[in-house]
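To start, the structure under review is shown below, and the notes come after it.
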There are 2 protein chains.
Amino acid sequence: MSKASREKKRDPKASLTLLWGEQEQPRRGPKPSLTAERIVAGAVAIADAEGLDAVSMQRVAADLGVTTMALYRYFPGKAELTDLMVDSALGVPSEAVAEAHGWRAGLTEWARQCWALYRRHPWILTATAMRRQLMGPNQLAWLDAALNALAPAGLTAAQQHDTVLLIIGHIRSLAQQLVHADEEGNEEWNRLAGEVLERHGHRFPALAAAIAAGAFDPHGGDPLDFGLDRILDGIAHLIDHP
Amino acid sequence: MSKASREKKRDPKASLTLLWGEQEQPRRGPKPSLTAERIVAGAVAIADAEGLDAVSMQRVAADLGVTTMALYRYFPGKAELTDLMVDSALGVPSEAVAEAHGWRAGLTEWARQCWALYRRHPWILTATAMRRQLMGPNQLAWLDAALNALAPAGLTAAQQHDTVLLIIGHIRSLAQQLVHADEEGNEEWNRLAGEVLERHGHRFPALAAAIAAGAFDPHGGDPLDFGLDRILDGIAHLIDHP
DNA sequence: CAGAACTGTGTATCGGATACGCAATTGAGT
DNA sequence: ACTCAATTGCGTATCCGATACACAGTTCTG
């Protein structure tokens, strides 16, 4: 599903200018019939409904009733539109994070909200995969909330940073794995996997044993929890034994 | 950098057949001038040298001295070629994992090898992002090695599974973040980030404090270690307090 | 030896991103 | 008000990647 073709490199400078609304308003010329915000909102709606692949410049423009090239009056290219889509979809974490008592409760709440966000807009994962994260307002708000929750733990600045990154990584990785779990062809995949294991499982004894013991059966409970609990236990251990 | 355009859905059945070499050999017709293996090797070489975006059917074919369409005699489509590239690049973990003493040493060794692999072939991250993992021989070998290392820990099957997924997630997420760290435009990005924070940092007090305390300064040591140590501490805690 | 099963190739189609130039619109300075 | 430069939306054209299709040559099977 990935392609590279006719795409310019992204222009972080331009994205940042757009993200922080630091553009000079043009003084002359026709009134723009759109705004960057409306375009972004339209693009996000498409991505939410049909996935990121459905977001083409043509499609976004058509939904807004303009031609493709009109969009280029608002963004240098698709990369910048995507950057704005991401920050827009991120939104800001709720107050519940700051109101939680103690670093562990705060981080847990933060992680749950982040998790819900990625489950709601799974295309964010694709849009931000393998590219440097841009410092948009909402991106920074999430980061700030996590660091704020972690502050009372008494870790060094570097440890705080690493901790947040570790938790984000867990959330993103899990969200990525679970995107497919709800999908249609799921039965088919499981059936094929079963066949493969039946035919070749003997070459992988530990794996075969784990499967026989039900390691791959769906087990109840939020899948986020196992990893999150382990990580937070590890952080707690670090705090107690620096 | 992502595109969806003229791409068929991938055919897991076909990929699995290719991955496990379960194809019947044709009895009649001209000798094939290529093999699936050679095509995959060529494609991997391109991806290693120039990134996954450089791997187009045209490019792979040209490098092998055939026309684009010739490749379609070996793979139903690009998706299947990509699946094979991934399993091929994965290789198998070394013996050092199985020889390690204790689950923690084994998992640590496993994680280091996995990490090195992703650092060597970062395009694997892109190729496997947001898609269900196919059960190729090497994929299963890695999984088997991890489960084998974890076996003496005495966790339940489900916990073993979740643990391995947690560690893979950490490795992949970190590898993804660090892909850019070595790149050229890095200075530029940091400069831009600095400017943004100077202008808007006051809105994010915890973040500003962390930065002031040097949280984002590069610190020595393998970046894999912090998260890995925390996770393994968490697992150890789970083992001690089930 | 005929014909079926295959192979590599040439050609064509279908998107997608985006460069370029035009005509209509509108505010600033006269 | 009037002129013009700045700016907008638009039509058109280009480039590129994936892949469908049909053809001609190749090689076993019966």
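Every chain is numbered from 1 and lettered A, B, ... according to where its sequence line falls, protein lines coming before strand lines.
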Expressed in angstrom and rounded to an integer, what is the separation of [X] atom [atom1] from [N] atom [atom2]?
| X | N | atom1 | atom2 | result |
| --- | --- | --- | --- | --- |
| B/Tyr74 | C/dC6 | OH | P | 14 Å |
| A/Met69 | C/dA19 | CE | P | 7 Å |
| A/Glu80 | C/dA17 | CD | P | 13 Å |
| A/Asp53 | D/dA18 | CG | P | 14 Å |

For this session: Name the nucleic acid region contacted by B/Phe75, choosing base, sugar-phosphate or nothing; use a 4.0 angstrom heavy-atom cut-off, strictly under.
Result: nothing

Exercise. Hey, does A/Thr67 reach any base, or is it just sugar-phosphate, or nothing, if we go heavy atoms under 4.0 Å?
Worked result: base

Quick one: is [N] close enough that its OP1 or OP2 comes under 4.0 Å of any side-chain N or O from [X]?
| X | N | answer |
| --- | --- | --- |
| B/Tyr72 | C/dT9 | no |
| B/Gln58 | D/dC16 | no |
| B/Lys8 | D/dT19 | no |

Exercise. What's the closest nucleotide to the A/Arg73 side chain, out of D/dT8, D/dA18, C/dA19?
Worked result: D/dT8

Problem set entry | A/Glu50 with A/Arg59: basic N within carboxylate O range, under 4.0 Å | yes

Exercise. Salt bridge between B/Glu195 and B/Arg191, side-chain N to carboxylate O under 4.0 Å?
Worked result: yes

Please check if any side-chain donor atom of [X] sits under 3.5 Å from a side-chain acceptor atom of [Y], or the reverse.
| X | Y | result |
| --- | --- | --- |
| A/Glu22 | B/His200 | yes |
| B/Asn186 | B/His180 | no |
| B/Arg10 | B/Thr82 | no |

Exercise. Can you tell which of A/Thr35, A/Ile39, A/Val40 makes a side-chain contact (heavy atoms from CB on, under 4.5 Å) with A/Glu37?
Worked result: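 So the option named by the test is A/Thr35.
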
Exercise. Which residues within residues 22-33 of chain B lie with some heavy atom under 4.0 Å of an atom in DNA chain D?
Worked result: B/Arg27, B/Arg28, B/Gly29, B/Pro30, B/Lys31

